[in-house]
Protein chains: 2
Amino acid sequence: MRILLIEDDSVLGQAVRDEIAGLGHSVDWVTRLGQAGDAMRVAVYDLVLLDLMLPDGRGIAFLKALRGRGEVTPVIILTALDQVSDRIEGLNAGADDYIVKPFDLAELSARINSVARRYVGNPNPIITLGPLDIDLAARAITDAGRSVTLTAREWVLLEAFLQRPGQLLSKAQLEDRLYSFDQSVESNAIEAHVSRLRKKLGAWVIETERGLGYRLGRP
Amino acid sequence: MRILLIEDDSVLGQAVRDEIAGLGHSVDWVTRLGQAGDAMRVAVYDLVLLDLMLPDGRGIAFLKALRGRGEVTPVIILTALDQVSDRIEGLNAGADDYIVKPFDLAELSARINSVARRYVGNPNPIITLGPLDIDLAARAITDAGRSVTLTAREWVLLEAFLQRPGQLLSKAQLEDRLYSFDQSVESNAIEAHVSRLRKKLGAWVIETERGLGYRLGRP
DNA sequence: AGGGGGCCGTCAGCCTGGTGTCAGCTTGGC
DNA sequence: GCCAAGCTGACACCAGGCTGACGGCCCCCT
């Protein structure tokens, strides 16, 4: 999951960030509500961890504004305010959960997993390449609407090209990605896979640079 | 909403019941886990309020048994145990939230409303997949009118596919959903479950992509 | 307490499609 | 025009997937 952490305390923030990263999620950490607003404008998060007391404003107002815009991303409130009225206000403002500081990191993990369990994700990022729509996470491709299926090795190859668009990749580099060091290929396996990829996606997707390697082509 | 309250303290129980009734929900109040099991067998609840310390057993075990059966009804734990480990155990056992006694009734209301917003917002959406009508909330499936029953694990699997239609799910991802990280499976358990699901719902429901994983199929 | 039934993990044997390999052909550079 | 490099259709093989069977376990009913 992609998680936005809004927390101005540097010690706590770092601890939380490390804990979440340890769970295998990716974390963006900001210390101001203004930065948080910017971050949410440019990226889509699966979960927001929100400290209520920040230098540039009340978190509750921020949360209410989010919900007012129709934002449905789950929000867990981190707060030192353990007064009942504050917690009620947070939940009524649209928070999915809250944790009172100081909290145990294990408990934070449990809460995040709980949210993750009931969360239905945001749409995956789609890479568009001419008529091709490529959803790497879903392992799905459509070519002008018609769905195309790739095999495991073909995905590895395509991913290699998409990760470095425009860059030239030698056959040796591609072999490194396809095969672990202990297995050996003594044939034109790479050429064969490139050929199959071109047949499925269109000849233009991969350009040959004679004697050097391949690169992603232009539509 | 229809709410099941499991609480043996008569004073607290009555107060909670009145509070919930005042919110416009209907409440069934039992004082023993055994009665709770009976009640859930004859009626379908939208929310369970569970006291952890009852005369006839540990609430955690009850909750785990519920989830083990594939019961998805939201559960809020009411407990006097405010130790972190208990809370974590509760959340990991499948609770959606907990409230530590003594709690403010207004806070209880806020929590209930939060759950209500989450679950009642879209009342029992029915997913249609060819001849299949799938009601995830009620855990009910009909295949061209004939009702089909799935086991707990089969539901978890099916849910995973339905939550991300079109997305490819690797065996590792499915394992994460079926098993908590501390248990390990060293066999083809996933394949076996997929096989059983296909037998019940039709071979087309899940497509295999060799070396990659599985995907929801088209009718 | 005992027994029966359902769920689920494991295993073995079968089946299948992806993949490496090869051969013959095409392409491009000099 | 020659040769090296790349392309691609064909094919066989085996890793990966499928499934019927089985037994352990837990729950429920008697």
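Convention: sequence-line order gives letters A, B, ...; per-chain numbering from 1. Computed over heavy atoms, backbone and side chain alike; hydrogens, waters and symmetry mates excluded.
- Between Lys171(B) and dG16(D) there is no side-chain polar atom (N or O) within less than 4.0 angstrom of OP1 or OP2.
- Using a 4.5 Å cut-off on side-chain heavy atoms (C-beta onward), Phe161(B) and Leu174(B) make contact.
- When atom types are taken as modelled, the side chain of Arg2(A) and the backbone of Val27(A) share no donor-acceptor pair closer than 3.5 angstrom.
- Comparing atom distances between the Arg210(A) side chain and each of dT21(C), dG28(C), dC11(C) picks out dG28(C) as nearest.
- An OP1 or OP2 oxygen of dG16(D) is reached within less than 4.0 angstrom by no side-chain nitrogen or oxygen of Thr208(B).
- Nucleotide dA5(D) holds its C1' atom 15 Å from the CD1 atom of Ile190(A), rounded to whole Å.
- DNA chain D is contacted by Glu191(B), Ala192(B), Ser195(B), Arg196(B), Arg198(B), Lys199(B) of residues 191-204 of chain B, taking any non-hydrogen atom closer than 4.0 Å.
- The pair Glu154(B)-Arg196(B) does not count as a salt bridge, with every side-chain nitrogen at least 4.0 angstrom from each carboxylate oxygen.
- Rounded to whole angstrom, the span from the CD atom of Glu154(B) across to the C1' atom of dG6(C) amounts to 11 Å.
- To the nearest angstrom, P of dG28(C) lies 15 Å from CG of Leu212(A).
- In this entry the distance linking CD of Glu207(A) with P of dT27(C) reads 17 Å, nearest Å.
- The side chain of Thr151(B) places no N or O atom within less than 4.0 Å of a non-bridging phosphate oxygen (OP1 or OP2) of dG6(C).
- Rounded to whole Å, atom P of dG17(D) lies 11 Å from atom CD of Glu209(B).
- Atom pair Leu178(B):CG and dC7(C):C1' shows a separation of 13 Å (rounding to whole Å applied).
- Between Arg139(A) and Trp155(A), the closest side-chain pair of non-hydrogen atoms falls below 4.5 Å.
- The distance from atom CZ of Arg153(B) to atom C1' of dG6(C) is 14 Å, rounded to the nearest whole Å.
- In this structure the side chain of Val156(A) never reaches within 4.5 angstrom of the side chain of Arg153(A), judged on heavy atoms.
- Under the side-chain contact (heavy atoms from CB on, under 4.5 Å) test applied with Ile141(B), the options Leu129(B), Leu158(B), Ile127(B) reduce to a single match, Leu158(B).
- Atom-to-atom, OH of Tyr214(B) to C1' of dC18(D) comes out at 8 Å; the value is rounded to the nearest Å.
- Partner of Leu157(A) under the side-chain contact (heavy atoms from CB on, under 4.5 Å) criterion, chosen from Leu169(A), Val194(A), Leu162(A): Val194(A).
- Taking for each of Ala152(A) and Leu150(B) the nucleotide of DNA chain C with the nearest heavy atom, the 5'-most of the two is the partner of Leu150(B).
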